[in-house]
A.B. asks: 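One structure is given below, represented as structure tokens, and several questions about it will come after.
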Amino acid sequence: MATPGPMTPEAPFEPSQPPVIEGFSPSVYSNPESFKEKFLRKTRENPMVPIGCLGTAAALTYGLYCFHRGQSQRSQLMMRTRIAAQGFTVAAILAGLAASALKSRP
């Protein structure tokens, strides 16, 4: 077995400070953005995701309303519509990720 080399003393771990990683900055943005600013920025970057989310919520709400009123056929149709809207939302998220990955390439 090989013996380990001499150990160099390291600074003790300080949990209140983030670790220093060469070439990595923890914040891309110089000023922190509010929830509203971040929401608007993300919506501008990929507007299909909020549209899909609203479609999903609308289909779910109307489907539950029809279920409550006893319109089972329309309720089933709206639940299927909700699944389609969810699929659209997932596809929009994946398309946005692919677009941002291609845009970030040099």
Side-chain angles (χ1 to χ4, degrees):
M1 268 170 93
T3 59
M7 296 203 44
T8 58
E10 295 182 14
F13 176 71
E14 182 63 41
S16 64
Q17 297 294 324
V20 178
I21 301 172
E22 187 176 333
F24 175 76
S25 65
S27 177
V28 176
Y29 303 104
S30 59
N31 58 346
E33 56 188 345
S34 68
F35 175 78
K36 182 179 177 182
E37 293 169 342
K38 184 175 182 179
F39 178 77
L40 291 175
R41 179 177 56 83
K42 293 285 189 178
T43 301
R44 279 188 223 106
E45 289 175 4
N46 195 356
M48 292 298 148
V49 173
I51 291 170
C53 290
L54 289 174
T56 301
L60 176 64
T61 303
Y62 188 61
L64 289 174
Y65 173 75
C66 290
F67 179 75
H68 179 70
R69 302 228 354 167
Q71 300 171 338
S72 62
Q73 283 186 329
R74 179 152 322 235
S75 176
Q76 283 293 315
L77 176 67
M78 295 314 297
M79 290 303 114
R80 291 182 183 127
T81 304
R82 176 186 59 87
I83 297 298
Q86 283 178 314
F88 174 80
T89 305
V90 170
I93 290 170
L94 293 176
L97 285 172
S100 67
L102 291 175
K103 187 170 48 171
S104 66
R105 283 187 173 175

A.B. asks: Could you go through residues 63-70 and list every donor-acceptor pair under 3.5 Å that involves a side-chain atom there, pairing it with any protein atom two or more places apart or in another chain?
C.D. replies:
| unit_1 | atom_1 | unit_2 | atom_2 | d |
| --- | --- | --- | --- | --- |
| Tyr65 | OH | Arg69 | NH1 | 3.3 |

A.B. asks: According to the side chain to side chain donor-acceptor pair (under 3.5 Å) rule, which pairs have a member within residues 91-100, sequence neighbours left out?
C.D. replies: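 Of all non-adjacent pairs touching residues 91-100, none passes side chain to side chain donor-acceptor pair (under 3.5 Å).
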
A.B. asks: Remaining members of Leu77's ILVMFWY cluster at a side-chain heavy-atom cut-off under 4.5 Å?
C.D. replies: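 Traced through the cluster, Leu77 reaches no other member.
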
A.B. asks: For salt bridge (Lys or Arg N to Asp or Glu O under 4.0 Å), just list the numbers for Glu45 and Arg41, CA-CA rounded to whole Å, side-chain angles, deciding distance to a tenth of an Å, and then say yes or no.
C.D. replies: CA-CA 6 Å; Glu45 289 175 4; Arg41 179 177 56 83; 3.1 Å; yes

A.B. asks: List for me each residue that meets side-chain contact (heavy atoms from CB on, under 4.5 Å) alongside Thr61, sequence neighbours excluded, and say none if there are none.
C.D. replies: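 By the side-chain contact (heavy atoms from CB on, under 4.5 Å) rule, Thr61 matches no residue at all.
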
A.B. asks: State which residues pass side-chain contact (heavy atoms from CB on, under 4.5 Å) with Ser72; sequence neighbours excluded, sorted by chain then number.
C.D. replies: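 Result, side-chain contact (heavy atoms from CB on, under 4.5 Å) vs Ser72: none returned.
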
A.B. asks: With sequence neighbours left out, what residues match Ala92 under side-chain contact (heavy atoms from CB on, under 4.5 Å)?
C.D. replies: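 Scan of Ala92 (side-chain contact (heavy atoms from CB on, under 4.5 Å), adjacent residues dropped) gives Met48, Val49.
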
A.B. asks: Taking the side chain as C-beta and beyond, is there a heavy-atom pair between Leu40 and Arg44 under 4.5 Å?
C.D. replies: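 The answer is yes; the side chains approach within 4.5 Å.
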
A.B. asks: How long is the straight-line distance from CE of Met78 back to CG of Leu60, given to the nearest 0.5 Å?
C.D. replies: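 These two atoms lie 9.5 Å from each other.
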
A.B. asks: With sequence neighbours left out, what residues match Gln76 under side-chain contact (heavy atoms from CB on, under 4.5 Å)?
C.D. replies: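 Listed in chain order: Arg80.
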
A.B. asks: Does any pair with a residue in residues 82-99 pass side chain to side chain donor-acceptor pair (under 3.5 Å), and if so which ones, sequence neighbours excluded?
C.D. replies: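 Non-adjacent pairs meeting side chain to side chain donor-acceptor pair (under 3.5 Å): Arg82-Gln86.
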
